[in-house]
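Sequence lines set the chain letters: A, B, ... in the order given, protein chains first and strands last, and positions in each chain run from 1.
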Amino acid sequence: MPSPQLPSDMPKAYDPAQVEDAVYQAWLDSGYFSPDNLPGERAESFCTVFPPPNVTGVLHLGHALENALMDAMARYQRLRGKKVLLVPGTDHAALPTQAKVEKLLIKEGMENPRKELGREGLVAKIREFAEQSRSTILNQVQKMGTSCDWSRLAYTFDDQRNVAVKELFCRMYADGLIYRGYRVVNWSVKGQSTSSDDEIEYVERPAKLYTFKYGPDFPITIASTRPETKLGDTAVAVHPADVRYQSYIGKTFTVDVGALKPLEIKIIADEGVDPAFGTGALGVTPAHSPIDFAMYEKQKAKSDPIALIPVIGQDGRMTEAAGPAYAGLTTEEAREKFVVWLSAHSLLEKEEEIVQNVGTSDRYGDVIEAIPMTQWWLDVTKVIPSRGKSLRDLMREAVTTGLDGDPAKKVTITPDRFTKMYLERVENLRDWCLSRQIWWGHRIPAWYHGDEMRVGVEAPEGEGWEQDPDTLDTWFSSGSWTFSTLGWPNQTQDLKEFHPTTWIQMGYEILYLWLMRMILMSAYALEEVPFKDAYIHGILRDQHGKKFSKSSGNGIDPIEVINQYGCDALRLSVMMSISPGNDSRYYTEKIESGRNLVNKMWNISRFVLTSVEDVKRVEQAEAKTLADRWILSRFSGVTEKVTMLFERYDFSLATEVLRDFTWNEFADWYLEIAKIQRANPDLQKNTDAILLFVLERLLVLWHPFMPFVTEEVWKRFGADLPLIVQPWPETSTLVRPDAEAEAAFETVQQLVTAVRNLRAEYKVEPSREVSLIVQTNSPALVEEQAEIIRHLARVGSLEVRTEGEKLPDAASAVVGGMQVYLPLAGLVDAIKERQRLEKELESAATYVSSLEAKLANAEFVSKAPASVVDDMRRKREEAAAKAAALAEQLKNL
RNA sequence: GGGCGCUUAGCUCAGCUGGUUAGAGCGUCUCGUUUACACCGAGAAGGCCGGGGGUUCGAGCCCCUCAGCGCCCACCA
């Protein structure tokens with residue numbers, strides 16, 4: 001156990017570099033990051049998991065925010081006496097990581113890494129990179145002070161997670177939810193892989209819209225920005241009610257546009273066509289447009305099929321089917337050539353410049369081509385045999401009624417507006433393309449032998465089975481993260497105890513990618529929600545509001561910030577000014593402000609610990625003076641408020657409330673008063689005990705936000721257990737909020753401030769000795785607090801009286817009905833002083849009459865709640881008293 | 001095209017289900033070498049809460065409308 005350290009080892013300025021590593025190491029050694037080792041009875045569990053950072057690089061400031069949030073929450077819950085598990089982990093980030101490493105290899109001079117290295121060689125390279133990145137990340141997480149259980153460290157690509165992924169895949173396949181199908185996919189030519197709908201980024205681009213006919217005898221004009229795809233058209237769709245085209249519906253026209261075979265274009269009716277747009281007719285290319293493919297499927301279902309002709313290949317070039325003139329050309333070349341041909345045959349009617357949204361691959365950056373391929377899909381609408389509902393139904397239930405209508409199985413999203421966004425997305429969800437043609441990832445557990453296919457956790461018995469070369473979308477593994485990290489598919493103790501997890505935090509940018517899939521997976525596999533509460537935060541931007549990114553070179557390394565300012569300062573700076581779901585900006589000033597606050601806390605501690613006679617823990621503090629009563633009452637109020645704010649996930653307001661108490665009340669007033677009380681034998685009685693009592697508990701309240709400095713100070717109390725496992729202040733051990741003491745002390749504060757104000761206004765030399773005269777009908781408070789008032793207001797003598805008297809050379813003010821006079825011979829200009837007081841009296845009178853007007857309003861008095869009316873009456877009394885005092889002061893001038 | 005968010009002090013932002021004369025941090029100005037802290041102390045200035053309309057005894061907060069900024073979704077071919 002740590003022995004009490006002498007406070008003399010506390011330097012004037014807190015130096016985080018001197019303490020952070022050692023403190024973190026001590027936490028690690030204590031074992032308290034693990035729920036299994038926590039001291040005391042802990043009936044309730046609390047679990048949250050990392051949104052696992054991608055091993056594509058190092059952590060940035062956004063991760064610092066995430067770590068700060070989840071660690072603050074975990075520490076708070078631990079202090080509240082819960083059995084806390086914060087699960088750390090990283091994400092192999094299949095496609096992003098492979099894309100990144102391929103890019104690096106190409107930069108190093110390799111032309112085609114996949115070809116040159118082969119599957120195993122490339123995977124080895126990626127693994128090397130990922131491991132490097134992973135260990136850097138885990139190091140950074142430690143630097144950020146995160147109190148996660150390292151014994152449960154997980155990785156989306158480790159053996160345990162691979163078991164979970166395979167198991168999940170096989171169950172879904174057995175339930176008929178996963179199928180292999182020939183459909184239009186999002187294809188990245190550069191990446192030579194599919195991607196999901198969620199990983200496409202739409203970019204605005206200028207494009208040309210061509211209006212043309214397939215041939216001179218074709219009756220309908222169509223338009224397209226991709227005329228080269230028209231070489232694969234097999235239909236023209238029109239609105240069923242469009243009178244212009246009624247007579248053509250159902251007919252087929254043969255046109256020769258230069259494709260390998262003449263095109264058979266069937267005129268079909270489709271509700272989705274907007275008759276008002278363009279010509280009201282849409283050339284249908286089932287092979288190269290998801291919408292057209294949907295029409296193709298619809299026609300098939302209607303037994304009125306149309307053909308599907310792929311004219312663009314996986315290499316991004318035109319296929320044989322596009323015709324001898326086009327085969328082998330890039331799409332751009334083919335487009336140009338086709339437009340020339342249309343023009344030459346007088347088929348081109350119009351050519352307009354438009355702005356178009358083009359889907360691009362968010363990792364490879366190239367334009368996504370729609371290409372039909374056989375891939376693995378997850379059906380979100382098919383009914384799950386044992387459940388009688390679809391994945392979509394489950395995803396909907398999870399945030400509305402709770403799974404199976406059970407409110408206990410409900411996810412609550414904060415802020416609520418994201419629930420709406422989520423639901424809207426759920427309703428429009430399409431089948432999820434699961435397979436990727438990259439190598440870094442969980443390989444699809446399907447094996448082929450000739451025409452036979454088997455899906456299973458293990459390879460089938462016998463010779464000649466070849467595993468599917470494709471890998472799974474990375475979100476398939478991260479979707480199962482809340483339970484795969486707890487041991488699923490094994491029915492572990494962890495799973496029983498910690499799932500559903502209690503809470504999770506994440507940025508809104510992964511709401512669809514991750515939150516949604518976690519709900520899907522967990523609802524399917526466990527019939528449970530993955531977490532009860534989801535706290536959604538915004539993006540941390542730079543000071544100009546721009547997103548941090550490598551390409552714009554505005555990145556800030558959190559470790560450098562920590563080295564310069566300390567981890568606590570970083571944590572505060574990112575948490576102090578956020579509100580749920582909203583973006584925030586990072587400023588150097590903010591981190592300085594955080595650093596200053598940490599240093600303030602350090603110096604408050606330094607003062608208390610060095611000035612008290614005996615550093616010890618104080619179980620109960622007894623107030624002897626008004627200031628004592630005030631600070632204890634305030635501390636109770638603050639504790640209650642901070643607790644409530646934590647429960648509401650209002651981290652930023654919690655820090656504000658704490659900061660205000662710490663700096664503006666405890667430090668600025670009580671510490672100064674403590675000095676006075678100690679110097680006076682009549683007052684000193686309990687000052688030390690109260691200082692220690694408040695400091696000890698204040699360290700606890702601050703611990704979630706500034707874990708290092710608070711733990712470092714805590715050592716000096718010589719307690720058996722470190723701060724991280726101390727109890728949160730119990731309301732029962734604190735005094736009851738004492739409104740009377742707070743009000744009385746506030747009057748003293750106002751009196752002191754008024755005197756300071758007058759001194760500043762009249763530019764009284766600091767060295768000049770002044771005396772203070774307070775005229776009041778109820779002199780008791782001022783008389784009792786005279787010592788404190790004299791010291792804090794820096795006045796030599798204090799006279800309290802009840803009768804008025806002329807004071808021509810005095811500066812004056814009114815505080816809570818009391819008249820305050822500061823005789824300042826030679827400094828006070830009687831005329832100016834009169835004007836000042838008159839102005840004040842006027843504004844006071846205006847205020848009184850505004851209050852009186854409200855109170856005279858019968859409707860207000862009858863309709864407003866009694867408390868509001870009473871409040872208003874009290875205010876009127878106070879304001880009237882102030883006005884009366886000012887009037888009397890004017891007489892005394 | 002649909003949806004969401006934002007617009008409050010010079011800057012960055014709070015402001016819970018409508019109820020004081022609207023708050024904080026930073027910045028600015030004035031003063032200060034007080035034995036916890038200059039990473040500090042004391043004091044001050046600074047806001048028709050984007051515009052307009054409405055509901056209400058009462059609106060920064062609710063409703064309508066307009067404007068600007070940002071984001072998400074759909075992609076009109």
Side-chain angles (χ1 to χ4, degrees), chain A residues 7 10 12-14 202 209 222-226 237 272-274 276-285 289-292 354 356-359 415 417-418 420-421 424-425 428 508-509 511-512 538-539 543 545 565 569 576-579 581-590 592-611 644-645 648 650 652-653 656 659-660 667-668 671-672 675 752-753 756-761 763-766 791-792 794 843 846-847 850-851 854 857-865 867-869 871-872 874-875 878-879:
Chain A
M10 295 180 80
K12 271 176 113 156
Y14 172 61
Y202 288 91
L209 179 65
I222 56 153
S224 175
T225 53
R226 298 283 309 268
V273 179
D274 178 3
F277 184 85
T279 61
L282 165 66
V284 181
T285 323
S289 152
I291 291 183
D292 297 4
I354 61 158
Q356 198 192 20
N357 258 340
V358 187
R417 65 186 145 95
F418 290 107
K420 244 168 101 182
M421 285 176 65
E424 203 185 298
R425 180 62 169 237
N428 296 314
Y508 60 70
E509 75 275 15
L511 190 75
Y512 301 141
I539 295 171
Q543 56 175 324
Y565 295 96
M576 258 168 30
S577 59
I578 55 164
S579 62
N582 292 334
D583 294 351
S584 60
R585 299 187 191 193
Y586 179 86
Y587 273 83
T588 312
E589 287 88 341
K590 282 187 190 171
E592 281 173 357
S593 161
R595 190 257 329 254
N596 295 352
L597 177 55
V598 169
N599 190 57
K600 191 74 186 180
M601 195 59 217
W602 174 257
N603 270 291
I604 288 170
S605 309
R606 183 165 174 258
F607 169 76
V608 173
L609 298 177
T610 51
S611 67
M644 186 262 284
L645 291 169
R648 268 186 12 202
D650 199 334
S652 131
L653 205 49
E656 208 177 306
R659 182 191 200 279
D660 185 52
D668 286 349
L671 258 52
E672 294 309 314
K675 293 174 192 170
V752 169
T753 303
R756 288 169 172 171
N757 183 353
L758 289 175
R759 290 185 70 131
E761 197 167 327
K763 302 203 188 309
V764 181
E765 297 277 320
H791 277 89
L792 294 180
R794 301 197 169 280
S843 86
T846 312
Y847 183 43
S850 85
L851 291 170
K854 278 179 198 165
N857 183 339
E859 274 194 291
F860 169 69
V861 177
S862 65
K863 286 186 182 166
S867 64
V868 174
V869 178
D871 241 33
M872 195 77 77
R874 189 179 48 74
K875 263 172 244 157
E878 281 169 14

At a cut-off of 3.5 Å, list every protein nitrogen or oxygen paired with a nitrogen or oxygen from nucleotides 5-12 of chain B, distance to 0.1 Å.
from	atom 1	to	atom 2	distance (Å)
B/rC11	O2'	A/Tyr587	OH	3.4
B/rU12	O2'	A/Lys590	NZ	3.1

Residues that [X] engages under side chain to side chain contact (heavy atoms under 4.5 Å, CB included), provided they are two or more places apart:
X: A/Pro865; answer: A/Ser867, A/Val868
X: A/Ala569; answer: A/Tyr565, A/Ile591, A/Arg595
X: A/Ser611; answer: A/Phe607, A/Arg678
X: A/Glu589; answer: A/Tyr587

Task: Closest-nucleotide ordering on RNA chain B, the 5'-leading residue of A/Asn603 and A/Leu209 - done: A/Asn603
Task: No-H, no-angle donor-acceptor pair, A/Glu424 side chain to B/rA74 base, under 3.5 Å - done: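 Looking at the base of B/rA74, it does not pair with any donor or acceptor on the side chain of A/Glu424 (distance under 3.5 Å).
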TODO: List for me each residue that meets ring pair (Phe, Tyr, Trp, His ring centres under 6.0 Å) alongside A/Tyr14, sequence neighbours excluded, and say none if there are none.
DONE: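 A/Tyr14 satisfies ring pair (Phe, Tyr, Trp, His ring centres under 6.0 Å) with A/Trp602 only.
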Open item on the list: Less than 3.5 Å apart, any donor N or O on the side chain of A/Ser593 or A/Asn596 sitting next to an acceptor on the other?
Closed with: no
Side-chain N or O of [X] versus OP1/OP2 of [N]: is the shortest distance under 4.0 Å?
X: A/Lys854; N: B/rU21; result: yes
X: A/Lys600; N: B/rG41; result: yes
X: A/Thr285; N: B/rA77; result: no
X: A/Asn757; N: B/rA44; result: yes
X: A/Lys12; N: B/rC40; result: no

Open item on the list: Once pairs are restricted to Watson-Crick or G-U wobble with both distances under 3.5 Å, how does RNA chain B read as a dot-bracket string, [ ] for crossings and | for other-strand pairs?
Closed with: (((((((..((((.....[...)))).(((((.......))))).....(((((..]....))))))))))))....
Does [X] have any salt bridge (charged side-chain N to carboxylate O under 4.0 Å, His left out) partners at least two apart in sequence or in another chain, and if so, which?
X: A/Arg759; result: none
X: A/Glu878; result: A/Arg874
X: A/Lys675; result: A/Glu672
X: A/Glu859; result: A/Lys863

Task: A/Leu671/A/Ile604 under side-chain contact (heavy atoms from CB on, under 4.5 Å): CA gap, chis, key distance, verdict - done: CA-CA 8 Å; A/Leu671 258 52; A/Ile604 288 170; 4.1 Å; yes
Open item on the list: Closest approach to the side chain of A/Arg425, judged atom by atom: which nucleotide of B/rA77, B/rC73, B/rA36 is it?
Closed with: B/rC73
Open item on the list: Output one letter per nucleotide in nucleotides 26-34 of chain B: B when a protein non-hydrogen atom lies under 4.0 Å from the base, S when only the sugar-phosphate is that close, - when neither is.
Closed with: S---S-S-B
TODO: Quickly work out the A/Asn357 CG to B/rC73 P distance and round it to whole Å.
DONE: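 Going from CG in A/Asn357 over to P in B/rC73 covers 11 Å.
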